[in-house]
Amino acid sequence: MQILMSDAKCLGYETQLDQCAFNKSHTCENNDDQTAGVACVTVRLQTPTATSGQVEVFRDGKWGRVCEDGWDLDDANVVCRELGFTHALAANHNTTHEAITTPILLTNVNCNGAEMQLQQCPSKPNDHSCEHGDDAGVSCGLVDFLGIRLRGRGATATQGRVEIYLHGVWGTVCGDGTGWDINDANVVCRQLGFPQALAAQRNYNVYNRYGPATGPILMSNVHCVGTEEKIQQCRFNSMHRSYCNHHYDAVVSCAEY
């Protein structure tokens, strides 16, 4: 089979692989040691809300439920982080209350709580000892940030690189893709006590005006409607799902009163 791409470098928000930077020339040999591959497992929640429900996984071309056998808060924490939340409020049992035809694909999930994805946890395929009504569920939550600030070289009270305080550290917000816009900036500025935003930028777009950050990236793919009171109320991916780098740190410019 012919090798058509090498040295692919994606930012993570592209919708097709050929939108990433890559080389057409290569020195690769056509063998299993140097050809790229992926393994994809998707997790989602079914009703009743966006933050809680039955856990479903996508495996072998189909969606299915997870059996509650051995299901605990460590397992729920992994699922919630994979979905972009910061932690689990509860590991729910017996979560199905209606007729379900979706198969049960996993049982005896045993996460230690530090995994980033459910597929990294030990588990077994369903041996048909588990039935619907024994489905695993989660209730997910977001830790309220203890602080938000604007920082960077030459930053002022009204403009600079957005930083948030979470899990005992200060970190940045990624402005990757098309996700960082004036709606997001408006929420940040109001959270800081200003009436509105004048601009939403990325550090890269202002020629690294505010200098490189050194802390972790704690949020990415932020999507605010614009009416939220705090940025943590917006949709976003947590640091566990971030493919960003500090060139794309989010920057705001806020209007003074």
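Worth saying up front: this structure is predicted, and the values here are computed from it rather than measured.
- With contacts defined as side-chain heavy-atom distances shorter than 4.5 Å, the pair Thr172/Arg161 qualifies.
- Note that the CG atom of Asn108 and the OG atom of Ser123 stand 8.5 Å from one another [nearest 0.5 Å].
- Looking at Asn186, its side chain never comes within 3.5 Å of a backbone N or O of Gly226 through a donor-acceptor pair.
- Within the cation-pi definition used here (under 6.0 Å to the ring centroid, within 45° of the axis), Arg149 qualifies as a partner of Trp170.
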Go through the steps to decide whether Thr102 and Gln46 satisfy the test side chain to side chain contact (heavy atoms under 4.5 Å, CB included), and finish with yes or no. CA-CA 11 Å; Thr102 308; Gln46 283 286 33; 6.0 Å; no

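- Clustering ILVMFWY residues whenever any of their side-chain heavy atoms sit less than 4.5 angstrom apart, transitively, puts Leu105 in a cluster other than the one holding Val78.
- Side-chain contact between Glu115 and Cys121 is present, with heavy atoms from C-beta onward closer than 4.5 Å.
- For the atom pair SG of Cys140 and CZ of Arg81, the computed distance is 10.5 Å after rounding to the nearest 0.5 Å.
- Between Tyr210 and Val251, the shortest heavy-atom contact is CE1-CG1, 3.5 Å.
- Side-chain contact between Gln159 and Arg209 is present, with at least one heavy-atom pair separated by less than 4.5 Å.
- What you find for Asp75 and Val109 is that their closest heavy atoms are OD2-O, 3.5 Å.
- When every heavy atom of Ala255 is checked against every heavy atom of Phe194, the shortest pair comes out as O-CB, 3.4 Å.
- Scanning both residues, Cys111 and Leu118, for their nearest heavy atoms gives SG-CD1, 3.9 Å.
- The shortest side-chain heavy-atom distance between Gln232 and Gln191 falls under the 4.5 Å cut-off.
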Could you walk me through whether Asn92 and Ser52 pass side chain to side chain donor-acceptor pair (under 3.5 Å), step by step? CA-CA 9 Å; Asn92 301 325; Ser52 66; 5.8 Å; no

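- Under the 4.5 Å side-chain criterion, counting only non-hydrogen atoms from C-beta, Ile104 is not in contact with Val66.
- Criterion: ILVMFWY side-chain heavy atoms under 4.5 Å apart, direct or through other members. Under it, Met219 and Leu192 are part of a common hydrophobic cluster.
- Considering every non-hydrogen atom in both Cys224 and Ile231, the closest pair reads SG-CG1, 4.4 Å.
- Between atom CD of residue Glu256 and atom CD of residue Gln196 there is a gap of 12.0 Å, rounded to the nearest 0.5 Å.
- The hydrophobic clustering, which links ILVMFWY residues whose side-chain heavy atoms are closer than 4.5 Å, places Ile148 and Leu150 together.
- Clustering ILVMFWY residues whenever any of their side-chain heavy atoms sit less than 4.5 angstrom apart, transitively, puts Val138 in the very cluster that holds Val43.
- Within the 4.5 Å cutoff, no side-chain heavy atoms of Ile217 are placed close to those of Tyr248.
- Ion pairing between a basic and an acidic side chain is recognised when a charged N comes within 4.0 Å of a carboxylate O; Glu163 and Arg151 show no such pairing.
- For the atom pair NZ (Lys124) and SG (Cys67), the distance works out to 11.5 Å, reported to the nearest 0.5 Å.
- Here CH2 of Trp71 is found 11.0 Å from CG of Asp135. Values are rounded to the nearest 0.5 Å.
- Taking every heavy atom of both residues into account, Ala213 and Asp249 meet most closely at CB-OD2, 3.4 Å.
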Apply side chain to side chain contact (heavy atoms under 4.5 Å, CB included) to the pair Asn183 and Val225, showing each step before the final yes or no. CA-CA 6 Å; Asn183 289 331; Val225 175; over 6 Å; no

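- The distance from atom CG of Asn112 to atom CG of Asn77, rounded to the nearest 0.5 Å, is 11.0 Å.
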